[in-house]
Each structure stands twice: as C-alpha cells, then as structure tokens.
Amino acid sequence: MRSDWTALPETVTAKIAQRVGGAFDAVAAPSGNHAEIASTITGPAGRVFIKAASGGLSVRSLRYELTATQAIDWYPPAILWHFECDGWLVVGAEHLDGPHPELSPGSPDLDLLAVALKELQETTAPAGLWFTPDARLGFAHPAMDGGTLIHSDFNPANLIATTRGLRIADWAYATKAAPWVELALLVQWLIGSGHTPEQAEEWLAQFPAWTATGRESLDEFASRNASKWSTKSQQSTEGWVHVLAAGTGEWAAHRRAAFGGPA
C-alpha cells in the first residue's frame, strides 16, 4: 500500500536531503505498490528515484530488490545509496529516463527486449535467499526449478527504453528459476500488447530456453497461471488483474486447442 511522502519521519527526510545536496521536490511514481514510498526527487545534485519501506512485507521486498539490483550489471537502475533510520529502509537509485517500450507485433522495441532477454537468460542467481517459483507464482512444476535469476515481472511499466538500450526496474520479485519461466511469464504481456497467443509463441521461439522446454511443461504452466489469475479477477476490480486474467486465459485456451493441454 502506497503512503504519502509526509509519512516519512523528519529524521529520514533529513538524511535524504543530505544525500541529494539540500532541499528537494518529490513527485510520487504513477504505478507500482511494493514499496510504501516510491518517488522521483529533484535536489541540487540532480534527480534520484527513492523507495522507502517500514512494514514487514514491504521491507522484505525492498531488500530483495536491493540485493538483485546490486547483483546484475547495467539493466537495473544503479543503487546510489541506501540507509536505515527510525524503522525505515530507504534506497536511492539512478533515475532512468525514457519511455516505456511498445510491445505490439512488429514494434522495433521488441528487438530491444530480445537483446535484454538473451543476456539476462545467462544470469546465474548469486548465493543467497531468493523467491522460488512456487513462492513467487503460487504453483510449481519440477521443470520450473533452475539456477537463473529472473525478474519475473516484465510488465511494460517496468521497462524503460533508453538511448543505450532497454533498462529494467522493480526487481522486488527476483526469482531463482529455470530461464524459460521468464519467457512464459512474458506471454501474458505480449498478448496484452496485441499479440495473439500464436504470435507470442512464435516470437519466443528465438530463445533456446523456450524451444528446449517440453510441451507438457508449457501446457501445465499456462493452465495453472490462467487458473490463478481467473480466481484473482473474481476477487478484484483492479483493471490490470483483469487484463492478466484475459491474457493468461487466452494462452491456456490456445494450448488446449493446439496441443490438448490440461483443462
């Protein structure tokens, strides 16, 4: 749950001011809810993206994000500083400039996404505590286990198209898994951006991890992910929940029709 900037104690805002060179303006981020505070602040030293958390789950998510961001080169926003004060964990990160990519069929931004995915698919999860597929997604399959550190939420809102390539924000749900799981989770966003399930799978076929994954594993993943989001959509009025329910449902229906996947 997001909180207003005024929720931060004065001791915390004073420490932030020290790090940005003095008085600053804060503008809340338009989306996301993992951290209680997420804002762009502008001070004498320039712009910094701030996340802050005090609650147990929010702090845990922010610690995950801090660890993942420090473990992966370039793609995440660089961590500039972080501190703990009066029960708050505060992280100051590089402010990324650029639009969110367009992932519709034929978009040139898909090439940026492919470059990033091919590199990140080779990222071994460092030693440490990470989400498992089951803990992250609420379901498991032996083929989902692996040693790759995946982002697990390639929502276009987390992607920034910069002049140097695609950057990726919000690593709060970094997960240790088989690399194909990242690709399977991308299907819902490709469908949400205008791809048919067939087009989404055709695009994903450029990745060895996708083509090497057994049909049964993909069928099972599609079915269980669709079931999860269908249940969530019946309990929520949030638009994005219903978008994911529709996209995952389309993919599962395609797998059933094309390959006789599970109902």
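Positions are given from 1 along the sequence.
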Checking T13 side chain against E10 main chain: does a donor-acceptor pair fall under 3.5 Å? yes
What are the two closest heavy atoms between V187 and A200, and how far apart are they? CG1-CB, 4.4 Å
Once ring pair (Phe, Tyr, Trp, His ring centres under 6.0 Å) is applied, what residue pairs with a partner in residues 148-169 remain, sequence neighbours excluded? H151-F154, H151-W171
Main-chain N/O of E65 paired with T69 side-chain donor or acceptor, under 3.5 Å: yes
Between L62 and L89, which heavy-atom pair has the shortest distance, and what is it? CD2-O, 3.6 Å
Would you kindly confirm whether V27 and L96 end up in one hydrophobic cluster when ILVMFWY residues are joined by side chain heavy atoms under 4.5 Å apart? no
Mark yes or no for whether T123, through its side chain, and L120, through its backbone, hold a donor-acceptor pair below 3.5 Å. yes
Expected output: side-chain S107 to main-chain D109 donor-acceptor under 3.5 Å: yes
Taking K228 for the side chain and L137 for the main chain, is one N or O donor matched with an acceptor at less than 3.5 Å? yes
Set of side-chain contact (heavy atoms from CB on, under 4.5 Å) partners for A78, sequence neighbours left out: E94
Tracing side-chain contacts under 4.5 Å among Ile, Leu, Val, Met, Phe, Trp and Tyr outward from V243 reaches none
Verdict with supporting geometry, L8 and I37, side chain to side chain contact (heavy atoms under 4.5 Å, CB included): CA-CA 9 Å; L8 290 174; I37 302 290; 4.2 Å; yes
Ion pair check, D145 and K176, cut-off under 4.0 Å: no
Taking the side chain as everything from C-beta on, heavy atoms only, tell me whether V181 gets closer than 4.5 Å to S152. no
State whether a side-chain donor-acceptor pair under 3.5 Å links W74 with E119. no
Assess the pair F24 and W5: is the distance between their ring centroids shorter than 6.0 Å? yes
Quick one: closest heavy-atom pair of P156 and L103, and the distance? CG-CD1, 3.8 Å
May I ask you to decide if A140's main-chain N or O and R224's side chain share a donor-acceptor pair within less than 3.5 Å? yes
Taking all non-hydrogen atoms of both residues, which atom of H242 and which atom of S233 are closest, and how far apart? CE1-O, 3.1 Å
Could you state the interatomic distance from CD (Q18) to CH2 (W81), rounded to the nearest 0.5 Å? 10.5 Å
Between N225 and T248, do the side chains contain an N or O donor and an N or O acceptor separated by less than 3.5 Å? no
Can you measure from CG (N155) to CG (L185) and round to the nearest 0.5 angstrom? 12.0 Å
For the pair T175 (side chain) and A177 (backbone), establish whether a donor and an acceptor sit closer than 3.5 Å, ignoring hydrogens and angles. no
Atom NZ of K232: over 12 foreign heavy atoms under 6.0 Å: no
Rounded to the nearest 0.5 Å, how far does CG of D153 lie from CG of N158? 5.0 Å
Rounded at 0.5 Å granularity, tell me how far CZ in F259 sits from CD in E216. 13.5 Å
Nearest 0.5 angstrom please: L129 CG to R60 CZ, how far? 8.5 Å
Donor-acceptor pair, distance only, cut-off 3.5 Å: does the side chain of S61 make one with the backbone of L57? yes
Could R136 and Y173 be counted as a cation-pi pair, given that NZ or CZ must be under 6.0 Å from the ring centre and within 45° of the axis? yes
Sort and list the pairs that fulfil ring pair (Phe, Tyr, Trp, His ring centres under 6.0 Å) and have at least one residue in residues 177-196, not counting sequence neighbours. W180-F221
Could you please spell out the steps behind the side-chain hydrogen bond (donor to acceptor under 3.5 Å, both in side chains) verdict for Q121 and T148? CA-CA 7 Å; Q121 292 262 291; T148 298; over 6 Å; no
On a heavy-atom basis, which atom in Y75 and which in V115 lie closest, and how many Å separate them? OH-O, 3.9 Å
Residues which pass side-chain hydrogen bond (donor to acceptor under 3.5 Å, both in side chains) with S104, listed by chain and number, not counting sequence neighbours: E102
Sorted by first residue and then second, give each ring pair (Phe, Tyr, Trp, His ring centres under 6.0 Å) pair with at least one member in residues 97-126; sequence neighbours left out. none
I'd like to know whether E36 forms a side-chain hydrogen bond (donor to acceptor under 3.5 Å, both in side chains) with W88, so could you lay out the CA-CA distance, the side-chain angles of the two residues, the decisive distance to 0.1 Å, and finally the verdict. CA-CA 10 Å; E36 293 157 64; W88 285 82; over 6 Å; no
Please report the closest heavy-atom contact between G247 and I191, naming both atoms and the distance. O-CD1, 3.4 Å
With respect to L80, which candidate in V48, V91, I50 satisfies the side chain to side chain contact (heavy atoms under 4.5 Å, CB included) definition? V48
Among side-chain atoms of T40 and H95, is any donor-acceptor pair under 3.5 angstrom? yes
Kindly indicate, with the supporting measurements, whether the criterion salt bridge (Lys or Arg N to Asp or Glu O under 4.0 Å) is fulfilled by R255 and E201. CA-CA 10 Å; R255 299 293 306 185; E201 290 186 344; 2.8 Å; yes
What is the distance from atom CG of D86 to atom OG1 of T11, rounded to the nearest 0.5 Å? 3.5 Å
Hey, does V90 have a side-chain heavy atom less than 4.5 Å from the side chain of K15? no
Under the criterion side chain to side chain contact (heavy atoms under 4.5 Å, CB included), I'd like the reasoning laid out for Q199 against T196: C-alpha separation, chi angles, the key distance, then a yes or no. CA-CA 5 Å; Q199 287 173 320; T196 65; 3.2 Å; yes
Within a reach of under 6.0 Å around CD of Q235, are more than 12 heavy atoms found that belong to other residues, nucleotides or ligands? yes
Has the side chain of R167 got a donor or acceptor atom that lies under 3.5 Å from a matching backbone atom of I160? no
Would you check, one step at a time, whether the test side chain to side chain contact (heavy atoms under 4.5 Å, CB included) holds for L186 with L204? CA-CA 9 Å; L186 183 57; L204 290 167; 4.1 Å; yes
Side-chain ion pair, R63 and E84, N-O less than 4.0 Å: yes
Are R19 and F83 packed together at the side-chain level, in the sense that at least one heavy-atom pair is separated by less than 4.5 angstrom? yes
For salt bridge (Lys or Arg N to Asp or Glu O under 4.0 Å), just list the numbers for K51 and D170, CA-CA rounded to whole Å, side-chain angles, deciding distance to a tenth of an Å, and then say yes or no. CA-CA 10 Å; K51 285 189 174 183; D170 201 352; 3.6 Å; yes
